[in-house]
Amino acid sequence: MSGGGMSGGAVRAPVRARTGFEDGAAFVDGRIVPIGAATISIVDTGFSRSDVTYDVVGVWQGAFFRLDDHLERFESSCRSLRLRLPHTREEMAAILADLVRTAGLRDSYVETICTRGVSRKGVRDPRTFENRFYAYAVPFVWLLPEADAETGMDAVIARTVQRIPTTSVDPTVKNFHWADLTRGLYEAYDRGARYPILLDADGNVTEGAGYNVFALVDGRLLTPASGTLEGITRRTVMELAEREGIPAELVALPEATFRQGAELFATTTAGGVMPITSLDGEPVGDGTVGPVTRRLRELYWEAHADPRYATPVDYGA
Ligand SMILES: *Cc1c(COP(=O)(O)O)cnc(C)c1O
């Protein structure tokens, strides 16, 4: 079961990719190219120094979800890293729509990237680099495979790796410093699971490999106030919970409190609200998708049709 199954309704004309763009489209050096042909310079410091920020926005049933919020976060991340974006928000929105239209995608995972770029004539002072903007649109990505939507996520609290301290890498700037998260993934695999959740140095829960986490404790939804990316899906869930009269709070979330959760779930653009049904090999609650998680997941997909959130893509004739 996926979000798509829930909304039924209008029959839409099929959209077709421009020939050669069936697997996705990318914007590189001012041109749109097939995703498989998109390349960057080996001396771009986005690659060699992780000197980069990015964002990911979803397209669902032909419309971007919270496009402006994603672009605003992206711009703010660039400012924070002192990167100069070569495009305005309107230009970026137009490029992204162009990519989705070219790839002919109704449901898409759309990424924007800004790198420090390439040094001019070997000068290593990063202030002098020409910053680069890249973007691409590929078919929608499910971090929890659709077939597992009811089975849920098998998570572990990582024991062998901590989240990078926020004093070293600001987690509110979406970044490619994934060494801790990737180590967490391997720990999870070694323990027979797939989804790590990392703690900080004080033993508080932070987040996982591309997802925020929530625990339903004594009827309140708790999610970490700091040490994480401020996910747009997280924000959406907080807003939906408020509308439903479910108290939701940003808190310091000790591991022990998280473990008390009657329900646990994770949130990300790449999949929405994803139930966590096992933790460290033990069932969460009765091991099935809990009613609050289920309700929020439904509301999350319904919100994609809300005109306050949706920016329709013009696919042309
Ligand atoms: C992208 C990401 C998330 C989820 O953010 P959304 O805006 O909801 O997609 C959470 N944690 C990390 C580390 C991420 O990179």
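Here the structure is a predicted model, which is why all the values come from computation and not from measurement. Atoms within each ligand, like the ligands themselves, are counted from 1 in listed order.
Remark: ligand 1 atoms within the under-4.0 Å shell around heavy atoms of Arg73 are 7 (O). Ligand-side atoms of ligand 1 in range of Ile232: 6 (P), 7 (O), 8 (O), range being under 4.0 angstrom from any heavy atom. Counting atoms of ligand 1 from 1 in the listed order, those under 4.0 Å from a heavy atom of Gly231 are 5 (O), 6 (P), 7 (O), 8 (O). Residue Tyr54 approaches ligand 1 through these ligand atoms, each under 4.0 Å from one of its heavy atoms: 15 (O).
Phe65 and Tyr109 are assigned to two separate hydrophobic clusters, defined by single-linkage of ILVMFWY side chains at heavy-atom distances under 4.5 Å.
The environment of CG in Asp23 is sparse: at most 12 heavy-atom neighbours from other residues, nucleotides or ligands sit within 6.0 Å.
Between Arg183 and Asp180 there is no salt bridge, since no side-chain nitrogen of the basic residue lies less than 4.0 Å from a carboxylate oxygen of the acidic one. The pair Arg220-Glu249 meets the salt-bridge criterion, since a charged nitrogen lies less than 4.0 angstrom from a carboxylate oxygen.
The heavy atom nearest to atom 15 (O) of ligand 1, out of those in Lys174, His177, Glu207, is found in Lys174. In the candidate list Thr233, Thr228, Val237, Thr233 is nearest to atom 8 (O) of ligand 1, counting heavy atoms.
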For residues 237-247, tabulate all N or O donor-acceptor pairs below 3.5 Å that involve a side-chain atom, not counting sequence neighbours.
from, atom 1, to, atom 2, distance (Å)
Glu239, OE1, Arg66, NH1, 3.3
Glu239, OE1, Tyr309, OH, 2.5
Glu239, OE2, Arg66, NH2, 3.4
Glu244, OE1, Arg295, NE, 3.0

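For the pair Ile157 and Leu279, the minimum side-chain heavy-atom distance is below 4.5 Å.
The part of Leu229 lying near ligand 1 is the side chain, judged by heavy-atom distances below 4.0 Å.
Between Arg234 and ligand 1, a contact under 3.5 Å exists for no N or O pair.
Scanning the protein heavy atoms around atom 4 (C) of ligand 1, the nearest turns out to be Gly210 O, 3.7 Å. Regarding atom 9 (O) of ligand 1, its nearest protein heavy-atom neighbour is Thr269 OG1, 2.6 Å.
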Evaluate salt bridge (charged side-chain N to carboxylate O under 4.0 Å, His left out) for Asp200 paired with Arg163, printing each intermediate quantity in order.
-> CA-CA 5 Å; Asp200 65 16; Arg163 189 78 176 109; over 6 Å; no
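Val56 does not count as a contact of ligand 1, since none of its heavy atoms falls under 4.0 Å from the ligand.
Between Phe176 and Trp178, the ring center distance fails the sub-6.0 Å criterion.
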